[in-house]
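Only one structure is covered here, and it is reproduced in the block below.
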Amino acid sequence: GAGVSQSPRYKVAKRGQDVALRCDPISGHVSLFWYQQALGQGPEFLTYFQNEAQLDKSGLPSDRFFAERPEGSVSTLKIQRTQQEDSAVYLCASSSPRGINSPLHFGNGTRLTVT
Amino acid sequence: SQQGEEDPQALSIQEGENATMNCSYKTSINNLQWYRQNSGRGLVHLILIRSNEREKHSGRLRVTLDTSKKSSSLLITASRAADTASYFCATGAIIQGAQKLVFGQGTRLTINP
């Protein structure tokens, strides 16, 4: 594919429901990042994968948040028992194997609204 | 938590004028990157400057980095209406073996035709 693809584009969940957000990174990109962006704010780091290994999950706000990338390509961010404060845009980004000086390529995000 | 602070939070100028946005950060970095975000879209990478570089150009963009002051600036020359967007700086570092890219709060730029 041409870029990072995220689905769904929009998700409305009732408080207490579980949701799963999908990210298809650019083929061959080793690094994958999840960010959370509240309205009018900058993206906040959630978690980072290198291939299938989750090297940093320090940004996950609670144990209700879980991310996986089992085969080192597609990643899923799962939020259990959603709360209203989880409403935000969830952005996925991938980068090439050139390491820290590689720019990130972002998807258009999933806008989650918890009612 | 966010590392960078951007200044100003919002900027409105006339088409053709230059726009300058500033970013300050707190910790050691490997690089500093600037991204642009149009409403309802993902971020688009504009330019990356490494910690051992002081200035970098790309088309109408000029970025400076002063590691002694832990600050960077993004200059957009001869602005166009299509430059209207939010602009974010992000600091890149390796922390405990993992890449980390931390974003600032952003500057909302409006170019008036």
Side-chain angles (χ1 to χ4, degrees), chain A residues 2-7 9-10 21 23-26 29-51 53-61 67 88-111, chain B residues 1-7 9-10 21 23-25 27-53 56 58 61 63 65 85-109:
Chain A
V4 177
S5 177
Q6 292 188 246
S7 61
R9 188 80 175 85
Y10 302 94
L21 312 180
C23 173
D24 280 90
I26 293 172
H29 277 194
V30 167
S31 299
L32 186 145
F33 301 77
W34 283 98
Y35 285 85
Q36 180 190 60
Q37 187 176 26
L39 189 64
Q41 303 293 312
E44 292 262 8
F45 171 80
L46 294 177
T47 187
Y48 162 65
F49 289 86
Q50 190 172 89
N51 295 305
Q54 189 175 21
L55 297 188
D56 187 349
K57 54 182 181 179
S58 62
L60 296 177
V89 175
Y90 290 85
L91 295 166
C92 175
S94 67
S95 68
S96 75
R98 286 184 292 140
I100 187 62
N101 289 317
S102 301
L104 265 57
H105 299 261
F106 280 84
N108 285 327
T110 294
R111 180 178 296 278
Chain B
S1 62
Q2 294 181 293
Q3 144 109 286
E5 290 190 8
E6 295 183 61
D7 167 55
Q9 289 189 337
M21 290 161 269
C23 170
S24 60
Y25 58 92
T27 62
S28 297
I29 63 172
N30 289 87
N31 63 60
L32 190 139
Q33 305 180 34
W34 285 89
Y35 287 79
R36 164 198 168 123
Q37 185 177 37
N38 287 86
S39 180
R41 311 284 291 186
L43 283 77
V44 175
H45 179 259
L46 294 176
I47 195 164
L48 180 153
I49 184 166
R50 301 185 187 211
S51 59
N52 60 354
E53 297 175 312
K56 203 159 184 181
S58 176
L61 305 180
V63 168
L65 178 64
S86 290
Y87 291 81
F88 295 91
C89 69
T91 54
I94 300 283
I95 298 174
Q96 295 180 335
Q99 292 184 43
K100 200 124 184 185
L101 194 64
V102 181
F103 287 83
Q105 298 277 17
T107 293
R108 291 182 302 282
L109 176 65

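Convention: sequence-line order gives letters A, B, ...; per-chain numbering from 1.
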Quick one: CZ on B/Arg41 to CZ on A/Phe106, what's the gap to the nearest 0.5 Å?
14.0 Å
The reported gap from OG in A/Ser102 to CG in B/Asn31 (rounded to nearest 0.5 angstrom) is 9.0 Å
Segment of A/Gln6 engaging chain B (4.5 angstrom heavy-atom cut-off)
neither
Chain A heavy atoms under 4.5 Å from B/Leu48: which part of the residue, side chain, backbone, both or neither?
side chain
Residue B/Ala93 versus chain A: region with a heavy atom under 4.5 Å
backbone
Which heavy-atom pair separates A/Ser58 from B/Lys100 by the least distance, and what is that distance?
OG-NZ, 2.9 Å
Tell me whether B/Arg36 at atom CZ has more than 12 heavy atoms from other residues, nucleotides or ligands lying less than 6.0 Å away.
yes
Reported CG-to-CG distance for the pair B/Leu43 and A/Asn108, which is rounded to 0.5 angstrom
10.0 Å
For B/Lys56, I'd like to know if atom NZ has over 12 heavy atoms of other residues, nucleotides or ligands within 6.0 Å.
yes
Could you look at B/Gln9 and say if it's the side chain, the backbone, both or neither that has a heavy atom under 4.5 Å from chain A?
neither
So which atom in A/Gly42 and which in B/Gln105 form the shortest heavy-atom distance, rounded to 0.1 Å?
N-OE1, 3.6 Å
Quick one: are B/Gln37 and A/Pro43 in side-chain contact, heavy atoms under 4.5 Å?
no
Taking B/Tyr35 for the side chain and A/Leu104 for the main chain, is one N or O donor matched with an acceptor at less than 3.5 Å?
yes
What pairs with A/Ser31 under side-chain hydrogen bond (donor to acceptor under 3.5 Å, both in side chains), at least two apart in sequence or on another chain?
A/Tyr48, B/Gln99
